2 protein chains.
Amino acid sequence: MPRNANSVNMKKAKDAYHHGDLRAALVAEALSLLEKRDLEQLSLREVARNVGVSATAVYRHFPSKDDLLKALAERGLAMLGEQQQRAAARAEGRTAFAQTGRAYVRFALAHPNLFRLVFIHTPARLRPGKGSAEGLPASLLKDYVTLGLGAKASDEQVFAAALRAWSLVHGLAMLILDEQVDRKAAEAMIDRVIG
Amino acid sequence: MPRNANSVNMKKAKDAYHHGDLRAALVAEALSLLEKRDLEQLSLREVARNVGVSATAVYRHFPSKDDLLKALAERGLAMLGEQQQRAAARAEGRTAFAQTGRAYVRFALAHPNLFRLVFIHTPARLRPGKGSAEGLPASLLKDYVTLGLGAKASDEQVFAAALRAWSLVHGLAMLILDEQVDRKAAEAMIDRVIG
DNA sequence: GCGGCATGTTAGCAGTGTAAACATTGACGA
DNA sequence: TCGTCAATGTTTACACTGCTAACATGCCGC
C-alpha cells in the first residue's frame, strides 16, 4: 500500500504546519546529503534543518536515526539492483552477467557513501539452497550463476560460484573506495579483474 | 627513536600525576575496546576514563581522535601482516600464498572492528610498478604474485593478478562481516573461494 | 461544526569531540 | 642543591549530537 494514500489534497505550501510528505522529503534530503558528506557526518538534525522542519519531527516517521538509515539503505539497494538490470539488458548477450558486475563497481564509485550504507544496514542476502536470495542484487547474482552452471549444478556449487563472483566485485569496489589501491590503475583494470 | 627514551625512572604508581606512558596505554585500551564495541561507539572519553585520565589528556599525545584511530589502524595493519607471515611460514610449500589469504580472512573474522578500521584510516597501498607496496600485507601480496608469475611478467600483469587476489579475499571477508552472506556456509567455503 | 489523532513544535538531557586556561612535576643547568 | 621550564596532566566551557517528554496545530470523519 502507498504510504500516503489519502494525502491527495494536503497542502503543499512550504509554510504549512503539516508538510505533506515529510517522510519522503527526509529520505530525499538524506540521500542528497550522502552524495556530499560521508555517513558519520550525516546528522539527523541537519537533514531536518535542510527540509525546514524541527529535529524531532523526524521521530514521527522513524523510530530512530538507525531506521532512517535503514530506509536509505533499502533505496540504495534497489537503485543498485536496477542499475545492474539495465546494464545486463543493454548487453543482451552472454556477457550480461559480467555487465552486472561492472555496474556494481560503477555504482560503488558513483555513490560511495550510499554504497557503504547499504552493506552496513541490511542483513543476510545470499545463502545456499533453493530459497531465493534477499534483495535484487543478490537475487540477480544467484540467477545468473545458476543459469551459467546449468541445471545439473548442486546448491553447493551455485553458492560457491556466486560467493566467489560477489567477493571479487565487492572487494574490488571496496579497495578502490578505501584508497587501498591506486585508483586510476585499478579502474583501468576493472574489466580484466572481472573478466 | 623510541618515544620514551628518557622515561626509565618515571614513576609507575597509578596515582601519579604523570602516567609514564600514556600514549601506549591509550592505544592498548582503545584496541581492547575495539574487541567489544564497534568503531562508531568508541569514544575518546571512554578510552580516557578507562585509563583513569581526563578526556583532554589524550590531546597531549594525539592531535585529534582521528589521529588516535590512525595509530590503531597502523597497529592493526602490522598485526594482520604478521599473522599472514606466520601462516605462510607454517605452510612452507607453494601453498604459502593461499595461506596468507586464509589468514587475511581469519584476521577479519577474529577482529572485525580493527579490521574495518585499518581500511578506513590508511591510504594507498598497492600500485603498479617497481616501487614496493605500502604496508606489510600489500607488500607480501605483491611479492608472492611476482614470485608466482615469474620474472618475465610485466608490471601490469603483476598488478592485475595482485588486485584480483586481494579483491577476492577482501570481498569475502567484508561480505561475511557485513552479514551479506550466510556466515556458516561462507566460512565453510573459504578454501574453495580462495583455492 | 467539532473532536480526535496524526503530525508538528519547544525545552531539556546526557553524551560527544575539542579549545583554552590553569596545575603539577620531573629533568637539567646554575 | 635548588629553581626554572617544558612536558604532561586537569578543569571548564562550547557547540554539536541523538533522543524523550510535554505541548501545539490543523486535517479528517462523524
Side-chain angles (χ1 to χ4, degrees), chain A residues 1-27 29-30 33-34 37-72 117 120-121, chain B residues 1-27 29-30 33-34 37-72 117 120-121:
Chain A
M1 67 206 157
R3 172 164 311 278
N4 236 28
N6 41 14
S7 68
V8 180
N9 43 7
M10 274 186 171
K11 287 185 108 170
K12 289 173 190 171
K14 283 176 182 177
D15 54 345
Y17 190 91
H18 289 301
H19 181 281
D21 194 354
L22 181 52
R23 183 187 166 105
L26 290 170
V27 168
E29 175 61 25
L33 278 177
L34 269 188
R37 278 154 189 54
D38 76 354
L39 184 56
E40 71 207 322
Q41 52 197 9
L42 175 77
S43 88
L44 259 192
R45 291 170 109 109
E46 182 178 15
V47 174
R49 224 178 296 139
N50 289 4
V51 169
V53 100
S54 80
T56 55
V58 177
Y59 289 87
R60 296 295 163 190
H61 301 272
F62 302 95
S64 75
K65 181 185 184 181
D66 221 66
D67 293 276
L68 170 54
L69 295 184
K70 209 168 294 179
L72 300 181
L117 179 58
I120 294 175
H121 276 271
Chain B
M1 66 202 158
R3 174 164 311 276
N4 238 29
N6 40 13
S7 66
V8 179
N9 43 8
M10 274 188 172
K11 286 185 110 172
K12 290 173 189 170
K14 285 176 181 176
D15 55 345
Y17 190 92
H18 290 301
H19 180 281
D21 194 353
L22 181 53
R23 182 187 165 105
L26 291 171
V27 168
E29 175 60 25
L33 278 177
L34 268 188
R37 279 154 187 55
D38 76 353
L39 184 58
E40 71 207 321
Q41 53 197 7
L42 175 78
S43 88
L44 256 194
R45 293 170 108 109
E46 181 178 15
V47 174
R49 225 178 295 140
N50 289 5
V51 170
V53 100
S54 79
T56 54
V58 178
Y59 289 86
R60 296 297 162 186
H61 301 272
F62 302 95
S64 75
K65 180 184 184 182
D66 222 67
D67 293 276
L68 169 54
L69 295 184
K70 210 169 292 180
L72 300 181
L117 179 58
I120 293 176
H121 277 271

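Sequence lines set the chain letters: A, B, ... in the order given, protein chains first and strands last, and positions in each chain run from 1. Since the model is a prediction, treat every value here as computed from it, not as a measurement.
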**OP:** Test A:Val47 against every option in A:Val53, A:Leu33, A:Val58 by the side-chain contact (heavy atoms from CB on, under 4.5 Å) rule and name the one that passes.
**Re:** A:Leu33

Original post:
Rounded to whole angstrom units, what separation is found between the CG atom of A:Leu42 and the C1' atom of D:dG18?
Top reply: 12 Å

Subject >> B:Ala55 side chain, from C-beta outward: closest of D:dG9, C:dT18, C:dG8 >> reply: C:dT18

Subject >> Criterion side-chain contact (heavy atoms from CB on, under 4.5 Å) on B:Phe62 and B:Val27, from CA distance to verdict >> reply: CA-CA 10 Å; B:Phe62 302 95; B:Val27 168; 3.9 Å; yes

Original post:
How do A:Val53 and A:Arg45 order along DNA chain C: which one's closest nucleotide is nearer the 5' end?
Top reply: A:Val53

Original post:
What's the spacing between B:Leu68 CG and B:Arg23 CZ if we round to 0.5 Å?
Top reply: 8.5 Å

Original post:
Which whole-number value in Å describes the distance from A:Leu68 CG to D:dC19 P?
Top reply: 10 Å

Subject >> Test log, rule side-chain contact (heavy atoms from CB on, under 4.5 Å), inputs B:Leu39 and B:Ile120 >> reply: CA-CA 10 Å; B:Leu39 184 58; B:Ile120 293 176; 3.8 Å; yes

Subject >> Side-chain N,O (A:His61) to OP1/OP2 (C:dG8) below 4.0 Å >> reply: yes

Subject >> Nucleotide of C:dG17, C:dG8, D:dG9 approaching B:Leu44 most closely (side-chain heavy atoms) >> reply: C:dG17

Subject >> A:Glu29 CD to A:Leu42 CG distance, which is reported to the nearest 0.5 Å >> reply: 9.0 Å

**OP:** Kindly compute the distance separating OG (A:Ser54) from CZ (A:Arg60), expressed to the nearest 0.5 Å.
**Re:** 9.0 Å

Original post:
With sugar-phosphate meaning primed atoms plus P, OP1 and OP2, does A:Ser43 contact a base, only sugar-phosphate, or nothing at under 4.0 Å between heavy atoms?
Top reply: sugar-phosphate

Subject >> Euclidean distance, atom NZ of residue A:Lys65 to atom P of D:dC16 [Å, nearest integer] >> reply: 15 Å

Subject >> Protein-nucleotide distance (B:Leu22, atom CG; D:dT10, atom C1'), rounded to Å >> reply: 13 Å

**OP:** State the NE2-NE2 distance between B:His61 and B:His19, to the nearest 0.5 angstrom.
**Re:** 8.5 Å

Original post:
Between atom CD in A:Glu40 and atom P in C:dT16, what is the gap in whole Å?
Top reply: 16 Å

**OP:** Provide, to the nearest angstrom, the distance between the OH atom belonging to B:Tyr59 and the P atom belonging to C:dT18.
**Re:** 3 Å

**OP:** Give the rounded distance in Å between these two atoms: CG of B:Asp21 and P of D:dG9.
**Re:** 9 Å

Subject >> Atom-pair distance (CZ on A:Phe62; C1' on C:dT7), nearest Å >> reply: 14 Å

Restricting to nitrogen or oxygen on both sides, can you table the protein-nucleotides 20-22 of chain C pairs closer than 3.5 Å?
from, atom 1, to, atom 2, distance (Å)
C:dA21, N6, B:Arg60, NH2, 3.4

